[in-house]
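Structure, as structure tokens:
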Number of protein chains: 2
Amino acid sequence: MGYKYNREDILNVGYDVFRRNGYHNVGINQILKESGIPKGSFYNFFESKQDFAQQVIRQYGETNTCWMRDFFEDCTLSPIECLKSFYAMMMNLNEEDEYSGGCLVNNMSVEVGRQNDIIGSEANTHFVGWLNVLATVIEKGQEANEITVEFSALELAEYLHAGFYGVLSRTKVTRNRVYMDIWFEITFKFIST
Amino acid sequence: MGYKYNREDILNVGYDVFRRNGYHNVGINQILKESGIPKGSFYNFFESKQDFAQQVIRQYGETNTCWMRDFFEDCTLSPIECLKSFYAMMMNLNEEDEYSGGCLVNNMSVEVGRQNDIIGSEANTHFVGWLNVLATVIEKGQEANEITVEFSALELAEYLHAGFYGVLSRTKVTRNRVYMDIWFEITFKFIST
DNA sequence: ATAAATAATTAGACTGTTCTGTTTAATTTA
DNA sequence: TAAATTAAACAGAACAGTCTAATTATTTAT
């Protein structure tokens, strides 16, 4: 029989709280309260707030990379239709969430990515992982003549990635799905052959 | 002769400090220290930290709207070349700044735009203003047959806006100009007729 | 197998600092 | 002289992180 609390559960609470509220707006006490863990246990598992945040990002980043890979592996549609349904799903999730969080890794990048090297490079690591998954699918789409070959698969992945996160920022203040829809329409029109 | 300190100078300090460090990571004391103003004077001019941040955003937002309008009015190139040189300039500024700040309004949107209605809607107001300026130029480009008419000028403005801010977030953690260049190449290739 | 010893985890009071914002008084300008 | 501004001490809450003790799990010795 294990102990009462475990690292993973606390990380999951951290994911939720950081994603919705940002990094500097969240105190350790809030994490403790929402996870029901006492301070001593927290500092037994994590060295500091920064260390905790890094581990939160890492867990989510890795989980999401696997999730994306599985999604595209299981997707039986053509490559570009897989991409479309992936982004359609992300947009739906964001709408259901009422645009209140966006992407944890992007939020962390914007808020502290430049000042804090530890968090910045942790975020970048996972961005790169996701971009590679996207690039794989894009490449298949190019081979199937569905996607333009004017640019490399990785360049197009960066393009999709940037556009989507830009539009997430836009929905945070407009709280309206239409901006995601516009981005979707234009982007997929443009990359399609 | 006026008093020793004035609202505008403090707002400019706030712009710089908030842009580089975010909202919740900045304390009033930092603003006081960097502007040399005592606390009493600060609270004479501003009701609260939130009120201060709102005014910082407003001043920058309005200034930037005018600056953009002037830029495009003074630009003697064709519409799409004006757009290109506008974004090229923004990219150069960001590179010179070593990717350390990005756009204040976008940073604020991502960090607090969803939790804080005051700041969120202030940010949105200025986004809308900038988008309208962009749309005006895009419309001219469409009339001159330089820019695709598959989408409305405002939709394309949203598209440019989202992509650019997405890529700013990307440069914050990569600290490399190349991601802006990729975005630029792809985007202008796509919108050009 | 059981008991003793060791290690890991839990618990929360406590520390010192920093946070936003208040207050009161002195000074400056109109 | 009256109003606006400047000045800094002060207040109360929140902050990250420390510390000691108690509890629980695991390992070692018998």
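Just so we're on the same page: letters track the sequence lines, and every chain starts at 1. Note that these values count all heavy atoms, side chains included, but never hydrogens, waters or copies made by symmetry.
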Applied to residues 74-85 of chain B, the salt bridge (charged side-chain N to carboxylate O under 4.0 Å, His left out) test, sequence neighbours excluded, yields Glu81(B)-Lys84(B)
Residue pairs passing the salt bridge (charged side-chain N to carboxylate O under 4.0 Å, His left out) test with at least one member in residues 171-184 of chain B, sequence neighbours excluded, are Asp117(A)-Arg175(B), Glu95(B)-Arg177(B), Arg177(B)-Asp181(B)
Apart from Val110(B) itself, its cluster of hydrophobic side chains linked below 4.5 Å comprises Val110(A)
Residues pairing under side-chain hydrogen bond (donor to acceptor under 3.5 Å, both in side chains) where one sits in residues 22-35 of chain A, two or more places apart or in two chains, turn out to be His24(A)-Glu111(A), His24(A)-Asn25(B), Asn25(A)-His24(B), Asn25(A)-Gln115(B)
Expected list for residues 8-32 of chain A near DNA chain C, using heavy atoms below 4.0 Å, is none
| Side-chain H-bond candidate by donor/acceptor type, Arg170(A) with Asn176(A), under 3.5 Å | no
Sorted by chain and number, sequence neighbours left out, ring pair (Phe, Tyr, Trp, His ring centres under 6.0 Å) with Phe72(B) holds for Phe86(B)
Could you pull out all donor-acceptor pairs under 3.5 Å where a side-chain atom in residues 50-61 of chain B meets a protein atom, sequence neighbours excluded?
unit_1   : atom_1 : unit_2    : atom_2 : d
Gln50(B) : OE1    : Asn116(B) : ND2    : 3.1
Asp51(B) : OD1    : Gln55(B)  : NE2    : 3.4
Asp51(B) : OD2    : Glu47(B)  : N      : 3.0
Asp51(B) : OD2    : Gln55(B)  : NE2    : 3.2
Gln54(B) : NE2    : Glu122(B) : OE1    : 3.0
Gln55(B) : OE1    : Arg7(B)   : NE     : 2.9
Gln55(B) : OE1    : Arg7(B)   : NH2    : 2.7
Arg58(B) : NE     : Glu122(B) : OE2    : 3.1
Arg58(B) : NH2    : Glu122(B) : OE1    : 2.9
Gln59(B) : NE2    : Asn12(B)  : OD1    : 2.9

Please tabulate, one pair per line, all N/O donor-acceptor pairs under 3.5 Å involving side-chain atoms of residues 141-150 of chain A, not counting sequence neighbours.
unit_1    : atom_1 : unit_2    : atom_2 : d
Gln142(A) : NE2    : Thr148(A) : O      : 2.9
Gln142(A) : NE2    : Phe151(A) : O      : 2.9
Glu146(A) : OE1    : Ile80(A)  : N      : 2.9
Glu146(A) : OE2    : Ser78(A)  : OG     : 2.7
Thr148(A) : OG1    : Glu150(A) : N      : 3.1
Thr148(A) : OG1    : Glu150(A) : OE1    : 3.3

Please list each protein N or O that sits under 3.5 Å from an N or O in nucleotides 12-16 of chain C, with the distance.
unit_1  : atom_1 : unit_2   : atom_2 : d
dG12(C) : O6     : Gly40(A) : N      : 3.3

Applying side chain to side chain contact (heavy atoms under 4.5 Å, CB included) to Ser85(A) and not counting sequence neighbours gives Phe71(A), Cys75(A), Leu77(A)
* Examine dA11(C): is either OP1 or OP2 under 4.0 Å from a nitrogen or oxygen in the side chain of Lys4(A)? Give yes or no. => yes
Ordered by number, residues from residues 43-59 of chain B within less than 4.0 Å of DNA chain D (heavy atoms) are Asn44(B), Phe45(B)
By salt bridge (Lys or Arg N to Asp or Glu O under 4.0 Å), Glu185(A) pairs with (sequence neighbours left out) none
Whole-Å distance, Phe42(B) CZ to dG21(C) P, equals 8 Å
